[in-house]
Each structure stands twice: as structure tokens, then as C-alpha cells.
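These numbers come from the heavy atoms of this one structure, side chains and all, not from hydrogens, waters or symmetry mates. Predicted, not measured: the structure shown is a model, and the values here were computed from it.
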Amino acid sequence: MESNLITEDKHKNKLEKAFEILKTMASKPSGLIGLTIVLFHVILALISPYIAPYDYKAISPNTMLLAPSAEHWFGTDSLGRDVFTRTILGGRTALTVTFFGSLIALLWGGLLGIFCGLVGGKIDDVVMRVVDAFLSIPWILAMLLIVSLLGTSTEVLIPALGFFYGKGIVRVARAATHDVIAKDFIVSARARGHSNMSIIWNEIIPNVRDAILVEGAMRWSWMLLGFSSLSFLGFGVSPPTPDWGLMISNARGLMSFAYWSVIAPIVGLSSLIIGINLTADAFAKALGIDRSTKAPV
Amino acid sequence: MNEIIESVKNLSIGFNSQKGKQISILRNVSTNIKKGETVGIVGESGSGKSTLALAMMGYIKQGLFPLKGECLFKSEDLLKMSSRQLEKIRGRKIAMIPQNAGQALTPNLKIGYQIDEALRLHTDLNKTERDKKISELLNKVRLPSPETMAFRYPHELSGGQQQRVAVAMALAGKPDLLLLDEPTTGLDVTTQAHVLELLRFIAKDTGTSMIYVSHDLGAIAQVSDRIVVMYAGEIVLEGPARKILKEPIHPYTYGLLKSIPKLSLAGLPDSMPGSQPQPGSINEGCSFYDRCNLAIDHCKKNSPDLEHIKELDTNVRCFNHKELINQNNNLQTSITKKTNNSEAIEVLKLKDVSISYAKQKFFDQLLNKISDQNPTVKDINIDIKKGETIALVGESGSGKSTILKSIAGLLKTKDGQIKFENDRILSSDLKMRNPNDLRAIQLIFQNPDESLNPNHTVEQILSQPLKLYFNLSGEELKKNIIDLLKKVRLGEFYMSRYPRQLSGGEKQRVAVARAFAAKPDIILCDEVTSALDVSVQAAVLNLLQQLKEDLGTTYVFVSHDLAVVRAISDRVAVLYQGRLCEIGPSQNVYKFPSHPYTEVLLGAVLEPDPDIKPKLVAEDIVEEKPPEKGCSFQGRCPRKIGDICNSEVPPWQIGENGNAIRCHINIEELASLQQ
């Protein structure tokens, strides 16, 4: 019973800690703006199917390329679909795919990086050269190849994006591990005879977790841009699913006389990316990591 | 002589806390520096001594600001000066010598150029005059071959030489006041003694006033005319050096002096309870109240003023200082420790152990050639008996920590064997050792900040070995942790704390508890007290001794501090360049005859007593590598007898006291030489 109390106490401490970090993040204007934007997008993604005024795939020749009005707030596109409806729905796929993609990137990149940093030697050398080799391949070409071979379903996109964005995390995690590996508490654990897994889990992860999480948050925004690029090129989600990248791609030819159909998705996409970036920076500052001193990878 | 060149008046310096409260870290400090006088400012970490010293050159660290008071240098307030005005004073009137000269010198500029820079800035000499001045300065700080020294880069010099260059640079502007912030703290014992000797010479020679800031009363005692003792941001005692060191009339100074291990005393030093209060935590009463054994109720509510005692020429901040005047004759006492019985069996044997850091070259490996004929550590033979404390002593680079690491299995040995219990050979590879051997040998590290995982609570830290070796969990695990904490005199409530919430001494106690959690037979202590304050060091040493007496643990204790070693160890092994010089019972190693290196080391120890001056018998050269053949100490030996020292490894000789010395000089002859 008593030991239960202790774990509960610890749990509460962690929640408190998370709340504390959020509070610190929100205490600066940039952090508050970032958090607000991200929160807005997440809530929008959750409730948009219920508040969308029109059917996103309803085509109508009568309403083609209408300018913004009281009926169609953001106007209509070349097929007569309501741009407002499609914009608020357009973030859903992007957010879901990139969120899970980032999680995968964090997991494999982080764990592999920590492992390499800990064991060092030949294994480290080989793995890092392989990672370097992958870093030298233009990811968009590789993605195009994967997507054309396996299709554009989310089951393919999530792991593929997760893989390509995890490479950089390997390096960050390895560098962060190198920072702590020379410390005496690791030497002490080694001398006691703990296994590598136990050292990674108990001694290293609590100390590199923050750096890797911040890196993951940054990767999320990059991945969002990457995913939209794929859609823009026609390799992301397939029509008629509303998606910002796809919307920009379809509307860009008509930009000169129907600018509204391209501006709305651009604002949606860039505000989310800026929001995530600001949040990640505030997150890093709240955790006491100064990103400007870390070498970009 | 009596002209005052700088006076600090009622100075308070503080910062704003996150809650917007003003917290002072220096409180109402007043003192005067006279011309030609060396003032030692002593205190433990966090006492405000560096803040005071820096304020005396008009510098206040970022985040801090003066709350009140002034710093008058020749009747001008430094704290009110513009940076333009300060530029004219710093370097020219007040110069500073930093703690770590290696970091203070620009690495890519030659020594001569850096001194020249100081000369150009602070004097009106022309080029030829400056060049002359540079070699003059280098000569003055007694650097070897001053002509060529000017063309060398900082990294080509040893730590002691770098410090000398820093002194030369500070002297370039002919300052009236020299500020020294722990200038010898990072240096080896012999180098430290030499640098202090130089500083004393310079003070006398140039008539410069000096402010010497240090935590080390031994160093302070060697250079200071007057001593200022700081505690929790206040001056608690101030007076002539001799009076302060011999008849301290403040309980803190008294306790501090008693907690320093001394070479002349065999036992453990007395420790002071508790630790220094954090800034802002004292609201009323005396700041030393919690730790004082003279404290009365009056001290709790009222804070004493600095009171001038005329007959001693001393200022003291204590209500009960009169009681201490009679106590002072027993400064030279120590706690006697139980020595272990010599009949005990040997638990650990090092046989012909050699360790090399050199990597074997690929071709040598193919040809099966042994590449490193001259390893870092060579031919170490030590038998360690159950229940004894054996100390490995030497300066940096002597291989003492290297040996410790290879016992722990963290470094592979090149040759030789490590035998454990009943002559069973321990593998030099950690992964090949069985869990029970791993459990039996535990390590305690120098710096508890690094040896405790900052993201773990004390409970998590202590549960690691308990889970690993004894598979404990739940109720039983918790009970064991509480027991361990009790053993190291920490309360149960420490379980939920993180290392950053603990003081240095408390952290080291947790590290000690973690080592004892494994119920080890042998504990390897790597400079365990050198990162701690003096009063805390004494407490940790006493704790280690107590635990050993209770549990019969064997210690292998590595330290550079001969006085600490004297206090804790039963047997001492002296190492130079990875080779053993002398080994024997500690009371005998500290007596002559001894190996010339031991003699050099003993001569360089700084005692907190102005009457005991270090005897400098050897040059403070730093050798990078052990010599290929002959005696390891040939390069610096003051008693070298000739070619035999360069060509043949000296034999072991056993003295009548039972200490073994490795020297070519006959032991009786050595005894008469060293008398």
C-alpha cells in the first residue's frame, strides 16, 4: 500500500512537471502564439467534419470560381466546391499522417542513435555510414519511388515518412548520448554490471529524452511540409480528399484571377508549420535546451 | 605601509529571485587593504568570497547588482565608475590572476605577444623597451629560458608555467593591487607550493598589495599577512594571519581549522555538522547558529555585529568568542581510528600489473609484436588485506586512477593479473566477470554531480544496485533504501529528492550509500573528497571510517592530498609516472627515510600554519612520459646519484619501519641524508 503511494506521488509529480513546462512555454508571447495556433489546428481537425457548411466533394457547374461572399466565405474552386469547407478539412490527413510519422521517426531514430552512442566502435561506425548514405539520397525522389510502388495509402505514407525523417534524429540522439556517456553515473552503472538495455533505459533515456523530443517536434513541422509537397506533386492523398497540398496544386494555375482558392490552403499550411516551430522552440527553452547552440543536422 | 589603497564599506550585493524578492549574497561587508599587504579571503563555496574579490575591481557578475555600500579605490568608488574609467584602472592599477591560466590565455597567440599586448595597453614603452621588459617579466616569474619562452604557445607550457605567465601578464602594468582568485587550485601539490613561493617573493619584491582568494587555508597561511574569513556572505573573523590560524576566536574558523586533515596528525579530523545556509534563507539570528556548538538562545534571535578585539587586533562576529579563547590550545587534536590487524588475509592482489593506453598498431598486431614497451602503468605489485584502507598517492599522471579503473574492470590490463579472494584471477574484461565479483567491488567517484543521474530521485539511484544484485522489490526494496540512507546519516525524506536538491556533501553521501548497497567487500574511492568543502570533507572521511569499522569493508583510496591520505589510510603506496616508489604502513611512509619522491611530496604539503613552510627540494618540471629505462623519478630527483639511476631500475629495499622503498641509494644512507 505504501509503495503504491510513492508511485502515485511520482506520477503526480510528472503531471505537475508537464503542467509546469506548459506554463513556462506560455509565459513568453512566442510560445503562447505557437501553442494557440497548434491547439486551434488540432481542435479544428477534430471538429471540422461537424461544422463544415458544405459537402467537400459536391461539384457544381453553377458555382465555379465564385469570389468570397456571405454564402461561400473563401469562395469556390474550379469545380465549384466550397473552399472554406475544404480548407478546414484539409489539415486532418496531414496532421494525422505527420503526427504518427513523427512518432515513428522519434522511436526508431532515437533508439538507434542512443544505441550507437552507447556501444560505439565498429557497430557505430557501420550504422552511421549507412545513415549518412541515406542522408545523401534526395528524400523526395526516394519517397516518389516508394509511393509509386506501394501506393499512396496512409499505411504506406506514415512508415515511409517516419523512416526518412528519422535519419536526422539518429544523429541528434547519438550526439546527445555522447554528452552523457562520459559521465561517471554511466561508468558507475557499467562497473556494476548492468546490461546495455538497462543502461539505455534507466540512465541514458531520462537524460537525452528532452533533446530528442525537441528534435522530434521540429521534424514534425518539416514532415508536414514534406507531406504537403508530396500531395502537391500528386503523390500524397488522392482526390477528392481535401488536402492543402492538393488544393494548392489544383488552384495554382488559376491564381491570377481566382487567388482565393489558393490563399486559404496556404494560410492553413504555413500557420500550422509556424505554430509547430514556435511551440518547439518554446518547448526547448522551457526544458533548458538552447537549440541555437546545437549544430543543425 | 599604513596607507589604505582600497576600502570596502558596508557592501551588499544581491540578486532578484524569481519570486521578485531581493536576496543578498554579500551582506554588509567592510574591509581595508593596506599598501604592500597581502590579504587572504577564505571561505567555503558559496560564502561570497569571489563576489567580494571581483567587486573590489569594480566587477559584478551578470545577474547581480550592488544593493548598498561602496568600494573605494584610492577614494574613488569603483562601483559608480563608467566602463571607460574602469578600463584605466583595471590592469594598470588593479590586475587579476585567474584560477585557470590555461583557459585565460589565448591558445593561438604566443606568450610573448600576449604579454606585449598587456604592456602596450598599460605602459608607454616603445617596441625595444617592451621586448626587454617581456624577458624581464618572464625572468621575474622564474620561467626557464625566458628568451625562448616568449615564442611559445600556451599549450606548450605546463599548468604551473601557464600560471606563471598569467602572473607576468598581471605584473606588466605595475599594478598597485593584485587580485588572485584561487590561483593554485588546479595545480599539483609541488607546483602549487612553487607558485605560492613565487607570489610571496613578488609581494615582497614589488611591494604590491594582494588579495588572495581561496578555500584552502593551507595556501592562505603561506602568503597572507591578514586573513578575512567569510561565511554565508558575511565577514565572521578578520585579523592578522597568525592570530587567525593559531587562535581563532570564531567558532566557524575554529571548526574549519579542526576539520582540515594535518600531516602531523595520524587520526581523522573533527567534522562540523550541517552545511552553509543558502542565500536568502537567513532571516534573523546568527548565520552560523545551526552548526555552532557554542550557540545559546540569544544567538537564534539576534545577529552579532563585527566586534573589534583590541588586544588581538581582530574583528569577530560572535557573542561567545570569549569562550573560545581558552579552547584554542587543543586545535591539534584528531579522532583516533581503529587500525586493522595485520594478520588478516589478502583479498585482492595486483601482480605485475601493466596498463597501456596506446592502441596496438595494425602491422604490429600482424607481426605479433608488442607495441608499447613503455606503458603508462608498469609492474604494480600490491597485496591488499581484508579490512584495511590502502591509499594510492601521487600527482596527476601518476597512474593512480588508472590502476583503480583496471581493478574495477573498466580498463583492460596489458600484463599481469588481478587476483581476488583465494587467488582467483579476475578477468580484466568487465563482461567476463561474474555478477558476484562485480558486486564485491564497488566504485565511488570524485564528483558526485557527475556520478549521480540528475534525472533520478535518490530512491531510484539507490534501488539500481539493490534490484540488480539482490532482486529486491516493493516493500523490501524500500526498507533497504531507508536502511542505507540511515547508514550514511540521511533521513527517509531524502528518497524523493533529486541530486540537484542536495548539497555537495549530501550528494557524496548518496554516492557512498549506493556503493554500500551492493554489500561490497572492496570499495574503490577515486578522490572522493577533493570536490568537497573542507568541513564536508572531514564529515565524509569520518563516515567512511565509521562504515568500514562497522562492516569490515576494504578501501582502495586514491588521492593527491597527502594529509587526507594520512588521516584515512592504514597503508600508503606512492606512485610516480605509473611506477611504485614506496609502499608501507602509513605512519612509516610519513617518516624518513623515504623515497626521494615521497620526500618531495611531503615537503610541498601546505599546512594551515604560518610557521610550517613547505620545503621545496625539487624543480616543478612536468614530465609527459615515463622514462624508457632506469628509475621513474630520474628526471626530477633531488638525490640522483648518477648514471645508474638512468639505466637500471632500482631495487626494493625494506626499511626497519617496514616501508619498502625503490631507490638506488642505500636506505641507511637515505635516512642520514634526509635528517
[X], [atom1] atom: more than 12 neighbouring heavy atoms under 6.0 Å:
X        : atom1 : value
B:Lys467 : NZ    : no
A:Ile123 : CD1   : no
B:Phe493 : CZ    : yes
A:Phe99  : CZ    : no
B:Phe470 : CZ    : yes

Given A:Arg192 and B:Arg439, is the side-chain contact (heavy atoms from CB on, under 4.5 Å) satisfied, shown in steps?
-> CA-CA 6 Å; A:Arg192 279 201 302 270; B:Arg439 178 197 60 77; over 6 Å; no

What pair of heavy atoms forms the shortest contact from A:Gly193 to B:Tyr469, and how long is it?
->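 Between these two residues, the closest heavy atoms are N-OH, 4.5 Å.
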
For A:Phe185 against B:Pro454, the heavy-atom pair lying closest together = CE2-CD, 3.6 Å

Residue set satisfying side chain to side chain contact (heavy atoms under 4.5 Å, CB included) with A:Ser195, at least two apart, ordered chain then number -> A:Met197, A:Ser198

From A:Arg190 atom CZ to B:Lys431 atom NZ, the distance as rounded to the nearest 0.5 Å = 7.0 Å

Working to the nearest 0.5 Å, report the span between NZ of A:Lys183 and CZ of B:Phe445.
-> 13.5 Å

Identify which part of A:Val180 has an atom lying under 4.5 Å from any heavy atom of chain B, answering side chain, backbone, both or neither.
-> neither

With only heavy atoms counted, which part of [X] is less than 4.5 Å from chain A, the side chain, the backbone, both or neither?
X        : answer
B:Pro435 : neither
B:Gln464 : both
B:Arg433 : neither

For residues A:Asn202 and B:His456, determine if any side-chain heavy atom of one lies less than 4.5 Å from a side-chain heavy atom of the other.
->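 They are in contact (side-chain heavy atoms under 4.5 Å apart), so the answer is yes.
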
Any donor-acceptor N/O pair, B:Asn455 side chain to A:Pro206 backbone, under 3.5 Å =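 Indeed, once roles are kept as given, a pair shorter than 3.5 Å links the two residues.
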
Partner chain A: residue of B:Leu452, B:Asp449, B:Leu443 with the largest heavy-atom pair count (under 4.5 Å) =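 Max contact count across the listed options: B:Leu452.
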
With a 3.5 Å cut-off and no angle check, do the side chains of A:Asn207 and B:Asn453 form a donor-acceptor pair?
-> yes

